[in-house]
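Here the structure is laid out as structure tokens; the discussion comes afterwards.
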Amino acid sequence: MFDQLPLLSILIWLPVIGAVLVLCTGSDKHANTARTIAVVIAVINFLLCIPLYLNFDPSRYDMQFLENHLWIRVYQIHYALGIDGISLVMVILTNFTGLLVIIAGCHAIKVRVAQYMANFLVLQGMIIGVFCAMDAILFYVYWEAMLIPMYLSIGIWGSANRSYASIKFFLFTFLGSLLMLVALIYLYNQTGSFMIQNFYGLPLSEHIQTWVFLAFLLAFAVKVPMWPVHTWLPDAHTEAPAGGSVVLAALMLKLGIYGFLRFSMPITPIACEKLAWVMITLSLIGIVYIGLVAIVQSDLKKLIAYSSIAHMGFATLGCFMVYDIVSHMHSLQDAYMSLEGAVIQMVAHAFGSGAMFLGVGLLAERFYNHSRLIKDYGGVAHSMPIFAAFFMLFAMSNVGLPGTAGFVGEFMVIMSAFQSHFWVAATASLTLVLAASYTLWMYKRVFFGPIGNEYVAGFQDVTWLEKINYILLAIGVFFVGLYPQPIINVLKVTIGHLLLQSIPQDLAFNMPTKLFLS
């Protein structure tokens with residue numbers, strides 16, 4: 001039954017329709033109705049991921065659940081949707097995160113409730129659209145459309161400096177995408193089509209590939225964000241409401257990595273191979289330097305924001321270490337593990353970092369002036385023991401403790417890097433020390449340090465609604481950390497095929513295609 005439904009369109013547009021219904025509830029007099037509608041829509045969307053997963057065939061590397069309708073005839077632009085293994089994982093993650101944000105907003109948001117719920121439902125739909133789009137212009141429309149609700153969430157429900165942070169976020173991410181549009185138009189002129197699949201395998205010269213790669217790089221590097229175009233993220237995280245920070249960390253940062261996987265690597269493999277050393281260097285700077293910056297932060301949100309940048313450096317490192325591995329004539333299996341580690345890191349980071357942002361939002365909500373300064377807290381574990389236990393789990397995942405989600409992807413990337421370049425792997429491994437330094441020091445001061453303010457002693461522990469969120473996140477942390485096999489099974493063939501597409505022909509030596517494509 002479900003394979004006959006346009007599941008992808010439903011997943012994209014049901015939240016948008018739900019947003020309209022929520023807005024129809026009107027003022028905050030009917031806030032409970034708005035909350036109920038939003039939760040029901042989020043739950044339905046998440047439950048629809050079950051038939052999506054069960055009907056997905058992991059033995060195929062081509063796009064599935066296809067929808068294709070001509071949209072703009074003169075330019076042959078299509079409303080074309082489809083998912084592969086990577087898209088499937090990210091769509092499920094988006095719906096899971098969207099549900100958590102809506103549930104958290106039910107307790108935290110007291111004013112303009114309907115507008116808040118509608119805003120995040122639209123944002124959820126647009127992000128799903130990015131992961132499902134098979135037409136480049138449709139991809140670009142969703143890519144830009146999701147900026148609007150995020151801009152509004154920071155600008156309306158953010159902290160004191162929200163106007164500056166929201167404008168900076170919008171300008172960085174919007175202007176970075178303009179060159180991507182130029183590159184897409186160029187590729188259209190070469191193929192006569194905007195279908196992304198038609199861009200793969202184009203016989204572009206190294207010179208042209210380099211320019212196309214650089215055009216994509218600015219858009220995707222800003223979104224990750226990579227050093228040195230990362231400066232918008234700490235401001236956006238600091239000023240955004242807790243829900244906005246969760247979506248930024250769990251989903252929007254992943255869109256940059258997804259762009260590298262969907263566009264840069266398969267379309268410009270020669271340029272990727274030639275410039276891999278640049279991307280590896282930038283990733284290592286992000287991992288080490290940004291980790292050092294995180295240690296000196298006095299604001300809880302800024303500390304976790306810089307931590308996110310450092311951890312996302314592992315995802316970009318895993319993507320571009322592929323070229324270093326194959327150029328040194330090492331096994332393609334090592335390159336595969338590096339790429340797979342990058343994708344799993346995207347998922348793992350969403351649970352750990354997203355949970356910590358929710359936790360900081362919860363603490364700030366309970367503090368009389370919504371302070372996020374570490375020095376204002378201390379002894380929180382005495383008044384909030386259940387919350388302290390949950391936060392410790394998420395902190396351990398952030399550190400990369402074996403058995404938690406944060407360990408798996410980083411371990412795979414480091415192990416594959418060791419096979420080709422010892423010093424790259426050794427430098428990346430410094431994150432284990434740095435992450436432990438800033439995370440555990442922060443946890444000690446906030447939860448077990450001397451009480452920094454008399455208000456802390458009166459904090460209420462987590463409510464039943466907040467417990468639901470943290471239990472779901474804890475399940476995600478342990479699921480990825482202890483048994484990531486269901487995710488690996490879905491990704492195996494898709495990543496194997498992507499790897500074969502992304503390696504220049506002159507490096508394609510003894511490729512064990514059966515290892516990945518069967």
Do [X] and [Y] have side chains that get closer than 4.5 Å, going by heavy atoms?
X    : Y    : value
R445 : W441 : yes
L358 : Y470 : yes
I127 : Y142 : no
Y186 : I208 : yes
L339 : L261 : yes
H349 : L253 : yes
L88  : F131 : no
L147 : F169 : yes

Any side-chain donor-acceptor pair under 3.5 Å between [X] and [Y]?
X    : Y    : value
S87  : D84  : yes
S245 : K301 : yes
S353 : H311 : no

key: Audit row: V360, I304, side-chain contact (heavy atoms from CB on, under 4.5 Å) steps and yes/no   = CA-CA 9 Å; V360 172; I304 302 171; 3.3 Å; yes

Look at the side chain of [X] and the backbone N and O of [Y], then say whether any donor-acceptor pair between them is shorter than 3.5 Å.
X    : Y    : answer
S502 : L499 : no
N161 : Y164 : no
S397 : L393 : no
T494 : G85  : yes
S307 : L303 : no
N469 : L100 : yes
Q297 : K302 : no
S338 : A335 : no
T94  : I128 : no
K254 : A249 : yes

Residues Y438, Y306; criterion ring-ring contact (aromatic ring centres under 6.0 Å, His included); working and verdict = CA-CA 10 Å; Y438 57 71; Y306 281 112; 9.7 Å; no

inquiry  = Out of the candidates Y258, F174, F220, F216, only one should pair with W143 under the ring-ring contact (aromatic ring centres under 6.0 Å, His included) rule; please name it.
reply    = F220

Grab the two heavy atoms, one from [X] and one from [Y], that are nearest each other, plus how far apart they are.
X    : Y    : answer
P58  : V490 : CB-CA, 4.2 Å
F357 : A242 : O-CB, 4.3 Å
C272 : S264 : SG-O, 3.4 Å
N119 : P149 : ND2-O, 2.7 Å
I287 : A428 : CG2-O, 4.0 Å

Taking atom [atom1] of [X] and atom [atom2] of [Y], what is their separation to the nearest 0.5 Å?
X    : Y    : atom1 : atom2 : result
M226 : H230 : CE    : NE2   : 12.0 Å
T97  : Q124 : OG1   : CD    : 8.5 Å
I270 : Q209 : CD1   : CD    : 4.5 Å
I290 : M312 : CD1   : CE    : 13.5 Å
R372 : H237 : CZ    : NE2   : 12.0 Å
Q419 : S416 : CD    : OG    : 8.0 Å

message = Would you say the rings of F320 and F260 are close, in the sense that their centroids are separated by under 6.0 Å?
response = yes

Within 6.0 angstrom of [X] [atom1], more than 12 heavy atoms from elsewhere:
X    : atom1 : value
M392 : CE    : yes
F418 : CZ    : yes
Y289 : OH    : no
F479 : CZ    : yes

message = Run V101 and L123 through side-chain contact (heavy atoms from CB on, under 4.5 Å) and show every step you take.
response = CA-CA 11 Å; V101 168; L123 179 58; over 6 Å; no

query = So F263 and F139, ring-ring contact (aromatic ring centres under 6.0 Å, His included) or not? Walk me through it.
reply = CA-CA 11 Å; F263 289 89; F139 174 91; 4.8 Å; yes

Worked verdict on I267 versus F213 for side-chain contact (heavy atoms from CB on, under 4.5 Å) = CA-CA 8 Å; I267 295 173; F213 174 82; over 6 Å; no

request  = Please work out which of the three classes, parallel, tilted or perpendicular, describes the rings of F351 and F96, given edges at 30° and 60°.
outcome  = perpendicular

query = Hey, what's the ring geometry for F387 with F391, parallel, tilted or perpendicular (30° and 60° as the breaks)?
reply = tilted

request  = Just jot down the side chain to side chain donor-acceptor pair (under 3.5 Å) partners of T439, sequence neighbours excluded, or say none.
outcome  = N398

ask   = Which residues satisfy the side chain to side chain contact (heavy atoms under 4.5 Å, CB included) test with A389, sequence neighbours excluded?
value = none

